[in-house]
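The structure appears below as structure tokens.
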Amino acid sequence: MPELPEVEVLRRHLDGVLRGRRVLSVDVLRPRLVRPTGVEALRELLVGMRVHAVGRRGKHLLIDGTDVNGNGGERRIVGHLGMTGRMFVDDGAAELPRHAAVVLGLDQGRFVFEDPRQFGRFHADLSAIDDMGPEPWDAAWTPNTLHQRISGSGRSIKELLLDQSVVAGVGNIYASEALWVAGIRPARAGRRLTSDECRRLWAAVREVLEAAIELGLRARPDFASGAGGLFYYGESGAGSGVEERFRVYDREGQLCSRCGGGIQRLVQGARSSFFCRGCQS
DNA sequence: ATGGCTGTTATCCG
DNA sequence: CCGGATAACAGCCA
């Protein structure tokens with residue numbers, strides 16, 4: 001469940017259940033996911049840490065705390081869900097998921113990070129968030145900075161939106177959705193967008209992400225249960241009655257809700273894009 | 001049942 | 001600088 005909205009909804013949940021907790025033990029079942037930093041560095045950072053907040057940077061989760069045993073130094077763990085990662089806190093009674101990667105023993109309950117495809121990360125290395133672009137709601141991200149950032153590029157605007165140094169947190173689904181809202185075809189070269197199109201796209205990115213966060217909060221997903229924790233907004237609210245209907249994503253061959261045109265799929269950079277032939281230019 | 005798809009991203013090569 | 005291919009991996013679907 002990995003674009004910015006899903007990560008943000010999870011962040012709020014984890015912040016509520018992890019804040020104030022102490023980490024007593026670290027169990028790494030899949031060391032692969034703890035690279036590039038090794039398991040030892042992770043354990044040193046975590047054991048004895050008290051969580052004071054869970055944050056987010058793009059699609060990365062940040063677990064911040066202080067060392068309560070030693071000098072009270074600040075500590076930060078960076079997690080990424082990849083395509084299929086999950087994180088939850090439970091009481092430790094249930095069996096661990098098959099693909100559990102990192103388990104933290106807490107003073108109350110336990111934290112579990114699991115990821116079937118093992119594309120996720122959980123480590124002490126901060127380099128992943130070092131040269132990331134602005135958050136969509138950052139004052140540093142404006143229609144103008146977007147325009148400047150892409151105006152020299154011949155790459156397609158769809159691929160540019162997926163580039164985390166352009167803006168943080170947009171993934172494959174919401175890139176297509178934002179381009180539909182802005183009325184821009186995904187294959188257009190970045191340098192060929194007008195400043196007005198950049199303004200529309202800038203607003204569309206915020207709008208689409210905001211709406212998805214709202215939806216995710218309303219869905220009140222059950223992060224700890226297997227199927228519920230893996231809910232994806234486009235499918236169903238996992239029984240919550242909340243449903244998101246994408247405007248174009250995964251709707252090849254269907255009709256556009258805005259103009260009645262046909263929705264088409266194309267492949268860019270080995271990923272599917274979806275757009276309406278009628279009202280995106 | 002085999003192959004083709006999937007929310008991410010790092011890296012390599014031409 | 002770019003685009004494209006590949007690779008990490010499991011699961012789902014037709």
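Chain identifiers are assigned alphabetically (A, B, ...) following the order of the sequence lines, protein sequences preceding nucleic acid strands; residue numbering begins at 1 within each chain.
- E197(A) pairs with exactly one of R192(A), H147(A), R188(A) by the side-chain hydrogen bond (donor to acceptor under 3.5 Å, both in side chains) rule, that one being R188(A).
- Using atom P as the reference point in both dA5(C) and dG4(B), the two lie 15 Å apart (nearest Å).
- dT8(B) atom P lies 13 Å from atom CE of M132(A), rounded to whole Å.
- Residues Q148(A) and T145(A) bring no donor and acceptor atom of their side chains to less than 3.5 Å of each other.
- In this structure, a donor-acceptor pair under 3.5 Å is absent between the side chains of T84(A) and R117(A).
- Summarising the geometry, the separation between CG on L161(A) and P on dT9(B) is reported as 13 Å, rounded to the nearest angstrom.
- Taking atom NE2 of H80(A) as the reference point, atom C1' of dT9(B) lies 7 Å away to the nearest angstrom.
- Protein atom CD of E252(A) is 14 Å distant from nucleotide atom C1' of dG4(B), rounded to whole Å.
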Checklist entry - Which nucleotides of nucleotides 2-14 of chain C have their base under 4.0 Å from a protein heavy atom (B), which only their sugar-phosphate (S), and which neither (-), written as one string 5' to 3'? => result SS----BBBS---
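- Side chains of H52(A) and E74(A): a donor on one and an acceptor on the other come within 3.5 Å.
- Distance check, rounded to the nearest 0.5 Å: CG of L193(A) to CD1 of I184(A) gives 5.0 Å.
- The C1' atoms of dC5(B) and dA1(B) are separated by 16 Å, rounded to the nearest whole Å.
- For the residue pair T142(A)/N144(A), the side-chain donor-acceptor check at 3.5 Å is not satisfied.
- If you measure from atom CG of D115(A) to atom P of dT8(B), you get 13 Å, rounded to the nearest angstrom.
- The CZ atom of R247(A) lies 13.5 Å from the OG atom of S176(A); values are rounded to the nearest 0.5 Å.
- When rounded to the nearest whole Å, the span between CZ of R57(A) and P of dT9(B) equals 13 Å.
- Nearer to the 5' terminus of DNA chain B, by closest-nucleotide assignment, is the contact made by F274(A) (compared with the other of H60(A) and F274(A)).
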Checklist outcome for this item: Annotated structure of DNA chain B as dot-bracket, pair cut-off 3.5 Å, Watson-Crick or G-U only, | for inter-strand, is .|||||.|||||||
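- A donor-acceptor contact closer than 3.5 angstrom links the side chains of Q264(A) and R277(A).
- One atom, NE2 of H123(A), and another, P of dT9(B), lie 11 Å apart when rounded to the nearest Å.
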Next on the checklist: Run the side chain to side chain donor-acceptor pair (under 3.5 Å) test on E8(A) and H13(A) for me, step by step, so that the C-alpha distance in whole Å, both residues' side-chain angles and the decisive distance to 0.1 Å come before the verdict.
Outcome noted: CA-CA 9 Å; E8(A) 174 60 20; H13(A) 169 71; over 6 Å; no
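- Of the candidate nucleotides dT9(B), dT8(B), dC5(B), dT8(B) has the atom nearest to the side chain of N172(A).
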